Amino acid sequence: MPVYSQTVMDHFMNPRNVGEIENADGVGEEGNPVCGDMMTFYIKVKDDRLEDVKFKTFGCGAAIAVSSMVSEMAKGKTLDEVMEITPQTVADKLEGLPKNKFHCSNLGAQALHKAIEDYRKKQKKGGK
Amino acid sequence: MPVYSQTVMDHFMNPRNVGEIENADGVGEEGNPVCGDMMTFYIKVKDDRLEDVKFKTFGCGAAIAVSSMVSEMAKGKTLDEVMEITPQTVADKLEGLPKNKFHCSNLGAQALHKAIEDYRKKQKKGGK
Amino acid sequence: MTRVYLDNAATTPLLPEVREAMLPYLGEIFGNPSSLHDWGDGAREALDEARARVAGLIGGSPEEIIFTSCGTESNNFAVKGLAMAQPARGKHVVVSAIEHFSVLHSARTLEKWGFQVSEVPVDKYGLVDPAAVKKAIRPDTVLVSVMHANGEIGTIEPVKEIARITRELKIPFHTDAVATAGTIPVDVKELGVDALSLAGSQFYGPKGSGALWVKKGVRIMTLLDGGIQEGGRRGGTENVPAIVGLGKAAELAAARMDARIKQLTPLRDRLIRELPASIDHVIVTGHPRDRLPGNASFCVEFIEGESLLMLLNSRGIAVSSGSACTSRALKASHVLLALGLSHAIAQGSVLFTLGLETAAADIDYVLENMPPIVDRLRQMSPLYAKFTKSGKGGK
Amino acid sequence: MTRVYLDNAATTPLLPEVREAMLPYLGEIFGNPSSLHDWGDGAREALDEARARVAGLIGGSPEEIIFTSCGTESNNFAVKGLAMAQPARGKHVVVSAIEHFSVLHSARTLEKWGFQVSEVPVDKYGLVDPAAVKKAIRPDTVLVSVMHANGEIGTIEPVKEIARITRELKIPFHTDAVATAGTIPVDVKELGVDALSLAGSQFYGPKGSGALWVKKGVRIMTLLDGGIQEGGRRGGTENVPAIVGLGKAAELAAARMDARIKQLTPLRDRLIRELPASIDHVIVTGHPRDRLPGNASFCVEFIEGESLLMLLNSRGIAVSSGSACTSRALKASHVLLALGLSHAIAQGSVLFTLGLETAAADIDYVLENMPPIVDRLRQMSPLYAKFTKSGKGGK
Ligand SMILES: Cc1ncc(COP(=O)(O)O)c(C=O)c1O
Ligand SMILES: Cc1ncc(COP(=O)(O)O)c(C=O)c1O
């Protein structure tokens, strides 16, 4: 399948960190079934770091690989570091994505950012 | 060359009665180089019969075969009989002509008829 | 690894007999059929023979066959050529909503040229209602184009009934028979159409081969202007090997059609019956009865087609999908949406198209391998998670 | 019998290396390049490789290559597609008088769609004057199309000089390089054109293969609307074997071009020198110097080309003629008439096009066999009789 790089194929066939986190500290969702890709990220935060990241993804090979790669890149990083992950850095780590797939499948970073925003919002509400 | 029948090919490769008749009793010309085919028929008449027929033809394979076939069909016939030779009877004898070639290459009968008309005109003039 | 090709709608392999028939024309018989010397003879004779065979497959006359380079060219030629041939009559054409893009996009090009296009909808099985076609026809309608069968959902359309209407109103009727010619019986006289497209790569003939049949007396504008080839209706040096292969494939298809249909139909029926039985929330798309013998098409809920296709591929199974992610336009199949399916469901499309090489063991293999794959994708799917949490039961 | 094929302008034989390259794609690698599963991979990779090779032949980029089914399709695509892409700018196109019918008749179709067409004449050698092109251009001109070389008379046109003019005026310039690509050096950058047509069957590649190169950024309308193939610019399942063959032929042509030219040029020159020396009243047509390496074209006075062609064929020699009787339209070649030749002289046209297999012995054979054949036809010709009787001397 040379439309996808070997790294994409590896993350598609063996996605890391698939699943949900019960009582997650933050949840972020991005995309919708109309465009064909939708991802939900769950995070567990400890000492301003992502102690755990999990995701669920409905979508094409690229979308699944992106989610997996994002989760791997993010795990153990500080929240600020994670906010610096962009679609481009993800695509680079994946050794490229097909041009036409770049935008719709590459929503992983956004979904994760949303999860962090969700976490921060909850923190504020919690009054800490 | 299956665009032409075997009979056409035979008459093209071995045309009968090619040439001119010195002091012919009648000469008829048909066609012109613009359309690509031109034929001249020469006749010698004796007792109202074509004692000899010769032709010269500038033209395609079909035009040459038609001329040859016409000359063969006409030789020895009475003038009235010859006037009954038509493009269709010539084409039939040739086992058919390509549809698009029928009209322009099949001027042989007309050229021969013109030679007979030429003969008859001369006869009249001669006062016989 | 087991390898199971179930994507015969994308293209069929070339039959060895067809390849054998073509080889001399990739070798010593290389002449141009238009050449008047001996080198052209073999090529010209081969064209004549192929033309007769293709005509024979669909019940037409050889001189009504125009060779083209593919089904797409045939459809462009038909739609644009027939519509443009009657400037005095009007500028309105009628097509169905589930036509192949080569018809739909040709119609869109006609719109750029000042035409109006009516798209007739289909029912949930993909059937075009002849009465709806009749209603769409206007006094200025110059063309109706409805496909014989849709390759994506397998539904066979009531072409004969539509032809009865167009014939009465004297409107040229074109049918795209790319999915049917060579696969099920196609007879232009029985169908009553005025023009019909077909393509060799759909019935074990060569890629690069196609034909448009145009009924004698029906006016059509040229699409490829040029030389005297194909009676002046399609210019270009003829692709002799491909045309020869098309002829051979047509001959074999005609001779073996019944046997092929008998082989494929029970396999197809088993897949249609057992796949939804072994996987929850699987929808059969297309018509339950009027469908192509090799076509088994589904939508698997809560998952996306491309990832399903890729995991099946990793198990050696080749299929297609009409999901947005499998199309470069990134839109879900217009055919599935026309059936009234939601975008989310259309995304889970998977199309099995069986062919000559398909055996019962291949169906076993699919039925064995697909459930765990679907399960794996659903375990990953946020849509499935929402569904199960919402507590809604199965279908 | 000796067999001498001197009609390489009609079509060339397929090189064995090209056939070998194609065979796997008529066999196990049968998949559709658009398929996302393993079966599509080999086909897709083959397309990529072929695209790079074809681009390499003409100095373009792979993504600027659109595969087509023949030179005629490329020309129709270019002329109609470029002219229709700029509706705001105008509806006027400029072509030369000696373009191939696939260009001229496309221009005629544009006329039906409201365009105006200016035909630029040529001189007695068939050369287009760049200044005349410049004069023909108007503010509403949207396309200039002048061929790179004419296959019938061999004349190579001053495309580079014309491109200088069109570039300055920012008018898209298409050149039909069907007679030159793969035969003489063609470099789109050096030529400075915006679009260029080529066909595999002219340089030992397969029939059914062609390409249109369109410079990045130049707008063109689709001719074959449909799927996503060729970047959405040319629909239809790709003819993978033919495309692979085109790529291989392009690669070989690029590598062997100098050697081929060195082989053909002296043979051509000998024919051009010695044929008129051994037969009276033979006119060389085309340019004395700027001509295709394999092209030797003549008009033999007082005789008609088809009968000459047939008699040469009976001696095993294959040639072409532009006489009316060799064209189904029954009109003498528009190219020869454009040179200013009379109908009668144009009727006697005979075209030798030499190829890879042509050897010195073949030229000997022609020079030995042709004079008696011409003599025989002249003895039959009433035009020759008139000429000799009129007592006019030779030329
Ligand atoms: C200059 C030129 N253009 C176009 C063509 C048409 O090419 P094709 O027959 O591949 O369509 C030819 C064919 O000989 C040609 O010589
Ligand atoms: C119904 C239908 N029409 C047209 C086509 C286009 O055929 P081609 O790819 O040969 O151009 C297809 C292709 O699958 C088809 O299924």
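No experiment lies behind these values; they were computed from the predicted model shown. Chain identifiers are assigned alphabetically (A, B, ...) following the order of the sequence lines, protein sequences preceding nucleic acid strands; residue numbering begins at 1 within each chain.
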Main-chain N/O of [Y] paired to [X] side chain as donor or acceptor, under 3.5 Å:
| X | Y | answer |
| --- | --- | --- |
| C:Lys207 | D:Phe30 | yes |
| D:Asn32 | C:Thr11 | no |
| D:Lys80 | C:Leu223 | yes |
| C:His105 | D:Gly226 | yes |

Distance in Å, [X] [atom1] paired with [Y] [atom2], rounded so as to fall on 0.5 Å steps:
| X | Y | atom1 | atom2 | result |
| --- | --- | --- | --- | --- |
| D:Ile317 | C:Asp38 | CD1 | CG | 12.0 Å |
| C:Ser209 | D:Asn239 | OG | CG | 8.0 Å |
| C:Leu36 | D:Leu312 | CG | CG | 12.5 Å |
| D:Asp225 | C:Lys112 | CG | NZ | 7.0 Å |
| D:Leu26 | C:Leu23 | CG | CG | 7.0 Å |

Under 4.5 Å from any heavy atom of chain D - which part of C:Ala10: both
Heavy-atom distances under 4.5 Å only: say whether C:Val319 touches chain D with side chain, backbone, both or neither. backbone
Relative to chain C, which segment of [X] carries a heavy atom at a distance below 4.5 Å: side chain, backbone, both, or neither?
| X | answer |
| --- | --- |
| D:Glu306 | side chain |
| D:Ala318 | both |
| D:Ser320 | neither |
| D:Arg234 | side chain |
| D:Asn76 | side chain |

Do the rings of C:His37 and D:Tyr5 sit parallel, tilted or perpendicular, given the 30° and 60° boundaries? perpendicular
Should we count CD of C:Glu357 as having more than 12 external heavy atoms under 6.0 Å? no
Heavy-atom pair of closest approach, residues D:Ser35 and C:Asp7: OG-OD2, 3.4 Å
What one should report as the nearest heavy-atom pair of D:Cys70 and C:Gly235 is SG-O, 4.4 Å
Find the one option among D:Trp39, D:Tyr25, D:Trp113 whose heavy-atom pairs under 4.5 Å with chain C are most numerous. D:Trp39
Determine which residues belonging to residues 12-21 of chain D lie within contact range of chain C, meaning some heavy atom pair is under 4.5 Å apart, and list them by number or answer 'none'. D:Thr12, D:Pro13, D:Leu14, D:Arg19
